[in-house]
2 protein chains.
Amino acid sequence: MDNRFIDKLRNFSELSAEAILALRQATDHPRSIQARRDLIREGDRPGPVFVILDGWACRYKILPDGGRQILAYLMPGDCCDLHVGLLAEMDHSIQTITSAAVATVGRDQMEEIFSCHPEVGRAMYIAQLVDEGTMRAWITSMGRRSSIERVAHLMCELYIRCRNIGLTTDMVVSLPFSQILLADSLGMTPVHLNRVLKELRSRGAMELQRGKLIIVDPKRLVQIAGFDENYLHRRFRPAGESRQINDHLDNAR
Amino acid sequence: MDNRFIDKLRNFSELSAEAILALRQATDHPRSIQARRDLIREGDRPGPVFVILDGWACRYKILPDGGRQILAYLMPGDCCDLHVGLLAEMDHSIQTITSAAVATVGRDQMEEIFSCHPEVGRAMYIAQLVDEGTMRAWITSMGRRSSIERVAHLMCELYIRCRNIGLTTDMVVSLPFSQILLADSLGMTPVHLNRVLKELRSRGAMELQRGKLIIVDPKRLVQIAGFDENYLHRRFRPAGESRQINDHLDNAR
DNA sequence: CGCTGGATTGACTCGGATCAAGTCGAGTGG
DNA sequence: CCACTCGACTTGATCCGAGTCAATCCAGCG
């Protein structure tokens with residue numbers, strides 16, 4: 001049985017067989033959660049660690065005026081907040097986008113795994129550093145990129161992340177996001193996002209249709225986005241056949 | 001002799017006398033660095049941990065077109081990247097804004113302190129979580145706030161952070177930032193920032209003049225910004241007389 | 001078969017960028 | 001002590017990207 005969480009951590013740090021077993025046990029009985037359900041809300045006391053094993057989720061904030069800003073996408077293998085309760089309350093909410101399989105690991109259990117298998121803590125720490133790099137890239141996008149660059153950049157990121165965990169091997173990837181959701185990620189209106197997508201389509205760079213992202217011309221997309229994947233710190237991926245398709249994007253720069 | 005780094009960590013976690021001594025020794029001989037000097041650049045291998053003891057610095061990224069995006073401000077007590085070399089390369093640069101006193105703590109030394117005094121690691125981990133919360137607030141600002149809200153929000157944040165470390169006790173704080181720097185933080189042009197500052201002045205909310213931020217009407221400023229300081233997680237601050245002035249902002253909501 | 005929420009398109013408006021002149025203040029050198 | 005210089009700050013005029021408002025289209029679904 002595959003467990004993308006463990007796969008991801010193994011990319012970051014060598015894990016002992018015992019560590020893997022412990023992680024497998026901790027995440028073996030995920031709950032099945034419907035789409036658009038909050039896992040935790042801003043203001044809540046951080047609870048267990050959530051591990052997404054299947055499906056998509058997002059971090060977000062709601063503003064006083066009702067506006068919503070998506071802060072990060074969580075995909076299979078990602079986990080929310082090894083906060084382990086260090087902070088008194090959540091400064092944002094987390095919600096499923098699609099129906100999802102989510103394991104909840106109690107804090108005490110997580111602590112025990114960390115102390116028995118320090119390499120797990122190390123791997124999760126690296127994962128967090130990568131997430132931080134991603135946030136910095138988002139800030140940069142919102143501040144200094146035009147809307148078409150921003151859209152292209154996000155699509156590059158999502159595509160690479162999907163590839164990294166083996167969700168695709170060609171230039172198509174399932175991306176079940178509404179345009180409203182994407183607009184809330186990119187700081188633009190759904191109307192304008194729609195027009196930008198049209199423009200990207202007409203330039204022959206990419207298409208987004210019925211939950212599917214199709215990279216038509218990786219080279220062009222990367223060039224439009226000004227995409228440099230260094231912030232995703234793939235350095236930790238094992239070498240292997242899966243590299244070759246990333247190279248499509250790499251070489252296109 | 002004051003050491004704002006230690007002060008800050010003590011807010012987050014009880015530190016033993018030995019831990020404090022070890023930290024003091026590690027940061028006792030800061031280098032004096034001129035304004036506008038890079039401490040480390042995007043692409044570099046992460047080196048030692050930098051601890052800002054005096055002055056200001058910032059994280060930033062440069063885009064292909066030459067644009068710059070400020071990602072975070074580092075003030076006395078902040079430290080950059082207990083990365084401890086987990087990542088292969090920096091995804092952004094760090095530069096001093098003013099002349100600054102910066103201690104560099106070698107990775108091995110940092111590791112030793114962590115293993116001898118786990119509470120130090122804990123405190124630094126909390127500091128990092130707060131920094132993440134700040135990044136999320138920035139993403140939210142850039143994505144969903146108007147320019148005047150964004151400016152007001154940043155000023156609220158900087159003011160509170162200065163207050164938290166005792167840089168001010170009234171409504172004035174020294175903020176030696178050029179408008180160009182601020183514009184690069186907020187994703188706007190210096191010209192437009194200038195007009196927004198004028199507007200904030202004319203609304204009687206705040207003034208920014210010759211490196212000094214003056215909060216004229218905290219209530220109004222907070223209201224313009226839609227500021228909620230929960231993301232700064234002050235929960236960890238010790239209670240004390242210093243609270244009363246934060247309350248000016250708190251109550252204004 | 002009508003309902004509903006997302007996607008798409010058009011018309012119009014407006015916030016913020018761009019371009020272009022100044023102005024001001026702190027150094028610097030004569 | 002004053003003229004010169006160089007940044008940074010200000011202000012005005014104009015332009016354009018993106019928001020707003022409003023119809024319409026479309027697919028999935030009870």
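Lettering of chains follows the sequences in order, A, B, ..., and the numbering in each one begins at 1.
Checking A/T96, A/L181, A/L175 one by one against A/W56, the side-chain contact (heavy atoms from CB on, under 4.5 Å) holds for a single residue, A/L175. Of the residues listed (A/L221, A/I160, A/L154), the one engaging A/F227 in a side-chain contact (heavy atoms from CB on, under 4.5 Å) is A/I160, and it is the only one. Partner of A/H92 under the side chain to side chain donor-acceptor pair (under 3.5 Å) criterion, out of A/Q69, A/E42, A/R41, A/R59: A/R59 alone.
Distance CZ (B/R145) to P (D/dG19): 17 Å, rounded to an integer number of Å. A/I148 has its CD1 atom 9 Å from the P atom of D/dA18, to the nearest Å. Across the protein-nucleic acid pair, A/L197 atom CG and C/dT9 atom C1' stand 14 Å apart, rounded to whole Å. D/dT11 atom C1' lies 15 Å from atom CD of B/E199, rounded to whole Å. Rounded to an integer number of Å, the gap from A/E207 CD to C/dA7 C1' is 15 Å. Computed from coordinates, the A/Q209 CD to C/dG6 C1' distance equals 15 Å when rounded to whole Å. Remark: P of C/dG6 and CG of A/L208 are 15 Å apart, rounded to the nearest angstrom. Atom-to-atom, CZ of B/R144 to P of C/dG15 comes out at 17 Å; the value is rounded to the nearest Å.
Overall bending of the helix from C/dC1-D/dG30 to C/dG30-D/dC1, expressed as the angle between end axes built from five pairs apiece, is 30° (10° steps).
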Distance-only donor-acceptor pairs under 3.5 Å for side chains of residues 72-80 of chain B, two or more places apart:
| residue | atom | partner | partner atom | Å |
| --- | --- | --- | --- | --- |
| B/Y73 | OH | B/S185 | OG | 2.3 |
| B/D78 | OD1 | B/K8 | NZ | 2.6 |
| B/D78 | OD2 | B/M75 | N | 2.9 |
| B/D78 | OD2 | B/R161 | NH2 | 2.9 |

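Partners of A/L63 according to the side-chain contact (heavy atoms from CB on, under 4.5 Å) rule, which considers only residues two or more places apart in sequence or in another chain, are A/D65, B/T140, B/R144, B/R145.
Sequence neighbours left out, the pairs with a member in residues 190-205 of chain A that pass salt bridge (Lys or Arg N to Asp or Glu O under 4.0 Å) are A/E199-A/R203.
Contacts between residues 177-196 of chain A and DNA chain C, defined by a heavy-atom separation under 4.0 Å, are made by A/S178, A/Q179, A/I180, A/V191, A/N194, A/R195.
The side chain of A/K198 approaches C/dT9 more closely than any other nucleotide in the set C/dG16, C/dT9, D/dA8.
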If you restrict it to nitrogen or oxygen atoms, what contacts under 3.5 Å exist between nucleotides 25-30 of chain D and the protein, and what is each distance?
none

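Aromatic ring orientation, B/H153 versus B/Y231: parallel (interplanar angle below 30°, classes split at 30° and 60°).
Not a single donor-acceptor pair under 3.5 Å links the side chain of A/S141 to the backbone N or O of A/R150.
By the 4.5 Å heavy-atom criterion applied to side chains, A/F50 and A/I40 are counted as neighbours.
Taking only side-chain nitrogens and oxygens, A/S147 comes nearer than 4.0 Å to OP1 or OP2 of D/dA18.
Side chains of A/E132 and B/Q128: a donor on one and an acceptor on the other come within 3.5 Å.
In this structure, A/D91 CG and A/D44 CG are separated by 12.0 Å, a value rounded to the nearest 0.5 Å.
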